[in-house]
Amino acid sequence: MTATIIDGKAFAAQVRAQVTTHVAMLKEKGIVPGLAVVLVGNDPASDVYVTSKGKMTREVGMEGFEHRLPDTTSEADLLALIDQLNQDDKVHGILVQLPLPAHMDSAKVINALDPAKDVDGFHILNVGLLGTGQKAMVPCTPLGSLMMLRDHHGSLSGLHAVVLGRSNIVGKPMAQLLLNDSCTVTIAHSRTKDLPALCRTADILVAAVGRPEMVTGDWIKPGATVIDVGINRIERDGKKRLMGDVEFASAAAVAGAITPVPGGVGPMTIACLLANTVTACCRANGLAEPEGLTP
Ligand code: GUN
């Protein structure tokens, strides 16, 4: 079997086009959706993400506010900035880029966000709302992955989904979304016994472990759908490249469908961040939300 390639880049362009249309409608009403991105320190990967988020924000017609703080910033100063952004009516979404420097308590910082502006969906209130099937802000990477899965399968009901990885950013919310779509969900992690055998029972396999090419073709059930969340920066033969958590060639020979790296989940994450910002803006103004951009 040769897998269908799920084109996240093209899908993300569609989502951004829908966001652009909605932003234009809001502007006609005198409302400009605004996204504030906060980066503390100068982690090179985070820097690339933040620059790219700012560029995309402006491309869809929204206002972008970038706050780059030195890694010596105190937690109190960061909390003061968050308070200021919470109060700012021009800001509808706030993203604090993770990881934060070691001297900060990430949970405290995230929980200081106004939950209605928490476009990452990391605030404890949004986690609880998602966990109880209520309207929430939903984390962007799992949301983008869900959109691609729904688009490929239609209904996900009754499918066995194995989520490899238990992070708060991807693994846990991904499992929750799949459960809400009536999948039978297994969360697997580094302590799981016989991972390859478990993965071979999956109709949907989501790899979010951050280990380059850990999943190989012999871990995959023939015809299964594979979502590769991994974005690992690797230097091989003197060349820098991005590598997923899945060994693409062997996996694509067995899977029914697969997301590539790059060009799969990554572009969808940023598109969903923009979608969440428009959604937050509509909710703040009591206006109808764009369709299909929330679960
Ligand atoms: N660091 C890695 N992924 C993410 C993400 O989705 N949001 C934030 N805020 N930080 C991240």
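In each ligand, atom 1 is the first atom listed, and ligand 1 is the first ligand listed. Only a predicted model underlies this, so the values are computations on that prediction, with no experimental measurement involved.
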A.B. asks: Determine, step by step, whether Ser190 and Arg211 satisfy the side chain to side chain donor-acceptor pair (under 3.5 Å) criterion, reporting the C-alpha distance in whole Å, the side-chain angles of both residues, the deciding distance to 0.1 Å, and the verdict.
C.D. replies: CA-CA 11 Å; Ser190 54; Arg211 291 183 54 184; over 6 Å; no

A.B. asks: Counting each atom of ligand 1 from 1 as listed, which ones have a heavy atom of Leu95 under 4.0 Å away?
C.D. replies: 9 (N)

A.B. asks: Closest non-hydrogen protein atom to atom 8 (C) of ligand 1, residue and atom name please, with distance?
C.D. replies: Asp120 OD2, 3.3 Å

A.B. asks: Begin with the C-alpha distance, continue with both residues' side-chain angles, and end with the deciding distance and a verdict on side chain to side chain contact (heavy atoms under 4.5 Å, CB included) for Asn86 and Val91.
C.D. replies: CA-CA 8 Å; Asn86 283 344; Val91 174; over 6 Å; no

A.B. asks: Identify the protein heavy atom lying closest to atom 10 (N) of ligand 1, giving its residue, its atom name and the separation to 0.1 Å.
C.D. replies: Leu98 N, 3.0 Å

A.B. asks: Mind checking whether Val96 contacts ligand 1 via backbone (N, CA, C, O), side chain (CB onward), both or neither, at a 4.0 Å heavy-atom cut-off?
C.D. replies: backbone

A.B. asks: Measure from the side-chain N and O atoms of His67 to the backbone N and O of Leu39, and report whether any donor-acceptor pair falls under 3.5 Å.
C.D. replies: no

A.B. asks: Give a yes or no answer on whether the side chain of Ser250 reaches the backbone of Gly217 with a donor-acceptor pair at less than 3.5 Å.
C.D. replies: yes

A.B. asks: Do side-chain atoms of Asp237 reach the backbone of Lys239 as a donor and acceptor pair under 3.5 angstrom?
C.D. replies: no

A.B. asks: If the cut-off is 4.0 Å to any non-hydrogen atom of Phe122, which atoms of ligand 1 fall inside it?
C.D. replies: 7 (N), 8 (C), 9 (N)

A.B. asks: Can you tell me which residue and heavy atom of the protein come closest to atom 11 (C) of ligand 1, and the distance to 0.1 Å?
C.D. replies: Gln97 NE2, 3.4 Å

